[in-house]
2 protein chains.
Amino acid sequence: MEKQTITIYDVAREAAVSMATVSRVVNGNPNVKPATRKKVLEVIDRLDYRPNAVARGLASKKTTTVGVIIPDVTNVYFSSLARGIDDVASMYKYNIILANSDGNPQKEAQVLNTLLAKQVDGIIFMGNNLTDELRAQFTRSKTPIVLAGSVDAKNEVESVHVDYVAAVEEAVADLINHGNKRVAFITGPMSDPINGEYRLKGYKNVLAKHGIEYDPDLVFETDYSYRAGEVLWPALASAKATAAFVGDDELACGVLNGAKDAGVKVPAEFEIITSNNSKLTEIVRPQLSSITQPLYDIGAVSMRFLTKMMNKEDMSSDEKTIELPYGYIKRASTK
Amino acid sequence: MEKQTITIYDVAREAAVSMATVSRVVNGNPNVKPATRKKVLEVIDRLDYRPNAVARGLASKKTTTVGVIIPDVTNVYFSSLARGIDDVASMYKYNIILANSDGNPQKEAQVLNTLLAKQVDGIIFMGNNLTDELRAQFTRSKTPIVLAGSVDAKNEVESVHVDYVAAVEEAVADLINHGNKRVAFITGPMSDPINGEYRLKGYKNVLAKHGIEYDPDLVFETDYSYRAGEVLWPALASAKATAAFVGDDELACGVLNGAKDAGVKVPAEFEIITSNNSKLTEIVRPQLSSITQPLYDIGAVSMRFLTKMMNKEDMSSDEKTIELPYGYIKRASTK
DNA sequence: TTGAAAGCGCTAACAA
DNA sequence: TTGTTAGCGCTTTCAA
């Protein structure tokens, strides 16, 4: 395959300089006489020369590409993060190799391997559950890694996300202040520490603070899907829930529509607060009140964080985990 | 950065063979005595050797990575395609470098350049409008390229998508058969040939077939956003439209909610058909009738197509453009 | 079946 | 300021 024909050597010959000099002007090395630089640039332009990044990568041991492991691009939560990542990546002249893992530990491990084989300069990992094995692989490899919008329960790997505990506390407190004594807690798999650890803790915290006893019957562990929420109403009704905190927007839309279809008035008879403030929250009626997370920024900050690690910048002032501020937006699904 | 420490040379020494032999077993070359292979494999395992893909790429002139240019990962239409692409890519041992372009010709050209510099084996392009300049760059480069869910108005670049003309014809015919004489045509930028050329043609075709005169006042060119649709109702009302074909789901949700908020009964007083059958169509009420496009498959087929081109497989039986079947699903937004 | 050796296109000392 | 010269880690003839 005769893809790349002209090399740095051709340019050197044409410009009557050494390849070292060509390399210098290509890399913006100041130690080149302006006249020489001009001449070389002219030849580069004429020959339409384009440096071979693979050769460069081999010689310099830097590929200017980072690996991004994502459960599913199709999920807005993650694609928002990914967009933030890509934007600051290209700002710093990096490209991203994106790989879907479906949150499957086996795929994650396998993908990590090929990413390392491709000599990526760094890795951003998104995933619901960081297994011990993967964490071990991460620490073993010398490649810098940052978790975006994901947490490491053992807090060994750097990560950026919001304070899930506090966010849930605020949301549920709001619900309780509206007079709800029985607030349901609806999330995806508890194996994800964001749910099983942080959010649940926040939920229990507020309950305790308001002297309400924790009732496991009000905790609903499902998967992150519209359908799962839609069929939940009967269970919610029999648990006598009058409000719900929901950990995912699609799920929340399902809960909302399921309730509405059953003739329940939202928010008069049932209040809902969701978690990601995606477009969905504004498209359904009533629009959903939601915790807001700066997803794009989480991705962006993760990537920025990674560049620091890759450049071995001074990071003494940085914490291992960066917490970005969450917010709350009241819409029509709460009183 | 001491990322990769052990090389093929270390393995060779440890196994007391030449690096050529190690290379052979790594690459599954059959010309290796089973005993030798076993010995080498054992050393590879013990040393935890992982072939350096960059060096391999330089020597073999193959990187097993393909570039994917996408307007915005955050958009479900494109992320669905991307998911299909990545799945079959990994099936064929390729990785994808994903780059967002925002459909901006300048970014597209720039991204294409860095992709080529990185020696990708192929490129998949998604974009609303293939400029002449970009098409020229595509044809000039020797790298195989296919357009996914996008079209080349001049039909010079290979692509896979559905038959937009026929899809719109079917949708609008349905609306007309319900007695609608004034069907609005609402899409994104007409600069996208999918809208300005194919869909519009389909729209005009059915109108003509049913003896209805084409009225430019019924054509609404907006951008692909919920908000754009939401504010459209007054204009639709004054154009006396009683139904609408919409080219994008978010846009359609906006139109729907805008109409509902104005007290219009859907579908009794106004019918809507949208185009992408994304989750949104099932989340809004009434649920939206929609043309269905096999987005995931379009991505998957594009990638498969690309692998054929990259392997220089015999493609004499393949057309330059592959059309996948579209469908139609009736929901509650039409009579 | 195996090995020797010449690159792949570039960076990075080191000299000059 | 510029050039020479080793590599970077692997694939791939060509011989043996």
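Residue numbers begin at 1 in each chain, while the letters A, B, ... track the order of the sequences. Below, all heavy atoms of this structure are taken into account, side chains as well, without hydrogens, waters or symmetry copies.
In this model, the phosphate group of C/dT11 is approached by a side-chain N or O of A/N27 to a distance below 4.0 Å at OP1 or OP2. When the side-chain nitrogen and oxygen atoms of B/Y9 are compared with OP1 and OP2 of C/dA5, none of them lie within a distance under 4.0 Å. Note on A/K61: every side-chain N or O is 4.0 Å or more away from OP1 and OP2 of C/dC10. In this model, the phosphate group of C/dT11 is approached by a side-chain N or O of A/R56 to a distance below 4.0 Å at OP1 or OP2.
When the C1' atom of C/dC10 is taken as reference, atom CD1 of A/I6 falls 15 Å away, rounded to whole Å. Across the protein-nucleic acid pair, A/I8 atom CD1 and D/dG3 atom C1' stand 13 Å apart, rounded to whole Å. Whole-Å rounding puts the A/K62 NZ to C/dT11 C1' distance at 11 Å. Spacing between atom CG of A/L58 and atom C1' of D/dA6 amounts to 13 Å, rounded to whole angstrom units. Rounded to a whole Å, the CZ atom of A/R50 is 12 Å from the P atom of C/dC10. Regarding A/N29, its CG atom lies at a distance of 14 Å from the C1' atom of D/dG3, rounded to whole Å.
Taking 4.5 Å as the limit, every side-chain heavy atom of A/V17 sits out of range of all side-chain heavy atoms of A/V43.
With ring centers used as reference points, A/Y224 lies 6.0 Å or more from A/Y77.
Remark: A/F305 engages no residue in a ring-ring contact (aromatic ring centres under 6.0 Å, His included) (not counting sequence neighbours). Under the salt bridge (Lys or Arg N to Asp or Glu O under 4.0 Å) criterion, B/K33 pairs with no residue, sequence neighbours left out.
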> Would B/E42 and B/K38 satisfy salt bridge (Lys or Arg N to Asp or Glu O under 4.0 Å), going step by step from the backbone distance to the final call?
Replying inline: CA-CA 6 Å; B/E42 189 271 334; B/K38 184 161 174 293; over 6 Å; no
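Taking a 4.0 Å limit (strictly below) on heavy-atom distances, residues 38-47 of chain A does not reach DNA chain D anywhere.
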Which protein N or O atoms sit under 3.5 Å from an N or O of nucleotides 1-3 of chain C?
unit_1, atom_1, unit_2, atom_2, d
C/dT2, OP1, B/T36, OG1, 2.3
C/dT2, OP2, B/K33, N, 2.7
C/dT2, OP2, B/T36, OG1, 3.4
C/dG3, OP2, B/S18, N, 2.8
C/dG3, OP2, B/S18, OG, 3.2
C/dG3, OP2, B/T21, OG1, 2.7
C/dG3, N7, B/R24, NH1, 3.4
C/dG3, N7, B/R24, NH2, 3.4
C/dG3, O6, B/R24, NH2, 2.5

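Heavy atoms of other residues, nucleotides or ligands lying less than 6.0 angstrom from CD of A/E323 number more than 12. For CD of A/E156, the number of neighbouring non-hydrogen atoms (other residues, nucleotides, ligands) closer than 6.0 Å is greater than 12. No more than 12 heavy atoms of other residues, nucleotides or ligands sit less than 6.0 Å from atom CD of B/E319.
Counted by atom type alone, A/S80 and A/R83 present zero donor-acceptor pairs between their side chains at under 3.5 Å. With hydrogens and angles left out, the side-chain atoms of B/T5 and A/K142 include no donor and acceptor closer than 3.5 Å.
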Output a table of donor-acceptor pairs, distance under 3.5 Å, between side-chain atoms of residues 296-303 of chain B and any protein atom two or more places apart or on a different chain; print 'none' if there are none.
unit_1, atom_1, unit_2, atom_2, d
B/Y296, OH, B/D87, OD2, 2.5
B/S302, OG, B/I298, O, 2.6

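Fit an axis to the five pairs at each end of the helix from C/dT1-D/dA16 to C/dA16-D/dT1 and the two axes sit 30° apart, to the nearest 10 degrees.
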